[in-house]
There are 2 protein chains.
Amino acid sequence: MKKTGKSPLNEILREAGFRATPGKIAILEALFKADQPLTIAEISKKLKNNLDQTTLYRTIQSFVEEKIARALNFNDRSIRYESLIDAPHHHHVICKKCNYVEDVDICGANLEKLALVKSKSFKAIESHAVELFGTCNNCLKKN
Amino acid sequence: MKKTGKSPLNEILREAGFRATPGKIAILEALFKADQPLTIAEISKKLKNNLDQTTLYRTIQSFVEEKIARALNFNDRSIRYESLIDAPHHHHVICKKCNYVEDVDICGANLEKLALVKSKSFKAIESHAVELFGTCNNCLKKN
DNA sequence: CTACCTGCAAACGGTTTGCATTGCC
DNA sequence: GGCAATGCAAACCGTTTGCAGGTAG
């Protein structure tokens, strides 16, 4: 699924099989502009609660299905979503104190090969997720 | 039947500050014997639903707090728990079809160093999680 | 014009809380 | 005997479903 770096959001929506409604554009824009993955509640807040919760849930779900967004969770209960538009493969560093998330351009692909050697039950490994946990500089200062 | 490298389960419970009640022993045993991380529902089933759900939730939570178990989630909605007793550092390969989980003895620690170089907002990274996704040999056969 | 999208209300299900009772140490 | 642990019932809250009306293409 390739996206040019320049298609406006409504075009991206149509390519993904959606109608470019104000609601869908607003949600996609919120995800796209966000500097880190957002929860449903955070998206809702960014849209000033102008959008019905139901619509939000349904839209996000359809975005994930059509792979213009993806769901993430960092070992807490909340699910976060990030835009996949113009998003190269990357992983995340998460602050244990404040939950700040930074994208990092590192890749654990060689771990896939390593795991194939060690694994008894898998001869096919197709993808991987890596999350790193630490304390962000802001929180380090506060202590 | 697995054996702990040191104390029996009731001793481990007491060391962690708990009373060695039948319920707690049963839950810890279920986690310890399981060959893969379990959801609350799966634990409940293994205990033949003899244990109140409330107790189960509260107990698991206390286990996680006292670090004799840990919570995991593999990008779906369900949270899974695994025993930390005699558990060396490891990661997981998850089958995308059937959710089978295998532990793999690989480590992404060097990714932490790599991320420290690339990151703008972190000078401290303390831990990491790696999940690999593939198709298990059983599911490969079925196709 | 029609199929998709939206909003409202209600249902749903996993999880949590309050409280009285039980039982480990 | 004291305090943690348990079970039950009810509350809680994020999420989903059904349906009627609205809107993009």
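Every chain is numbered from 1, with letters handed out A, B, ... down the list of sequences. Just the heavy atoms: all of them, side chains too, but no hydrogens, waters or symmetry mates, feed the values below.
Here the nucleotide nearest the side chain of B/Tyr57, chosen from C/dC8, C/dT15, C/dT6, is C/dT15. Comparing atom distances between the B/Arg58 side chain and each of C/dG14, C/dG18, C/dC24 picks out C/dG18 as nearest. Distances from the side chain of B/Arg14 to the nucleotides D/dA24, C/dC25, D/dT6 place C/dC25 closest. Ranking C/dT15, C/dT16, D/dA5 by closeness to the B/Lys24 side chain, first place goes to D/dA5. The side chain of A/Thr21 approaches C/dC5 more closely than any other nucleotide in the set D/dT6, C/dC5, C/dT15. Between D/dA9, D/dG25, D/dT15, one nucleotide has an atom nearer to the side chain of A/Ala20 than all others, and that is D/dG25. Side-chain atoms of B/Arg19 lie closest to D/dG2 of the nucleotides C/dT17, C/dC5, D/dG2. When distances run from any side-chain atom of A/Phe18 to the nucleotides C/dC5, C/dC25, D/dT6, the shortest one goes to C/dC5.
Residues A/Phe122 and B/Phe133 are members of separate hydrophobic clusters, defined by side-chain heavy-atom contacts under 4.5 angstrom among Ile, Leu, Val, Met, Phe, Trp and Tyr.
Within a 6.0 Å radius of NZ in A/Lys96, other residues, nucleotides and ligands contribute more than 12 heavy atoms.
Following rounding to the nearest Å, A/Arg80 (CZ) and D/dG14 (P) show an atom-to-atom distance of 14 Å. As rounded to whole Å, 13 Å separates atom C1' of C/dG23 from atom CD1 of B/Ile25. In this structure, B/Asn50 places its CG atom 11 Å from P of D/dC8, rounding to the nearest Å. In this structure, CG of B/Asp52 is placed 17 Å from P of C/dC19, rounded to the nearest angstrom. One interatomic measurement links the two molecules: CD1 of A/Ile79 to P of D/dT16, which rounds to 8 Å at whole-angstrom precision. Protein atom CG of A/Leu13 is 10 Å distant from nucleotide atom P of C/dT6, rounded to whole Å. Atom CD1 of B/Ile60 and atom P of C/dT16 are 12 Å apart (whole Å). Atoms CD (A/Gln61) and P (C/dT6) sit 14 Å apart, rounded to a whole Å.
A ring-centre distance under 6.0 Å is found for A/Phe63 and A/Phe18.
In this structure, B/Thr55 does not reach the D/dA5 phosphate: none of its side-chain N or O atoms is under 4.0 Å from OP1 or OP2. Contact check, B/Ser62 against D/dA5: no side-chain N or O comes under 4.0 Å of OP1 or OP2.
Counting only N and O atoms by type, the side chains of A/Ser44 and A/Asn49 include a donor and acceptor under 3.5 Å apart.
Rounding to the nearest 0.5 Å gives a distance of 4.5 Å between CD1 of B/Ile40 and OH of B/Tyr81.
Base engagement by B/Thr54 is indicated by at least one non-hydrogen atom pair under 4.0 Å involving a base atom.
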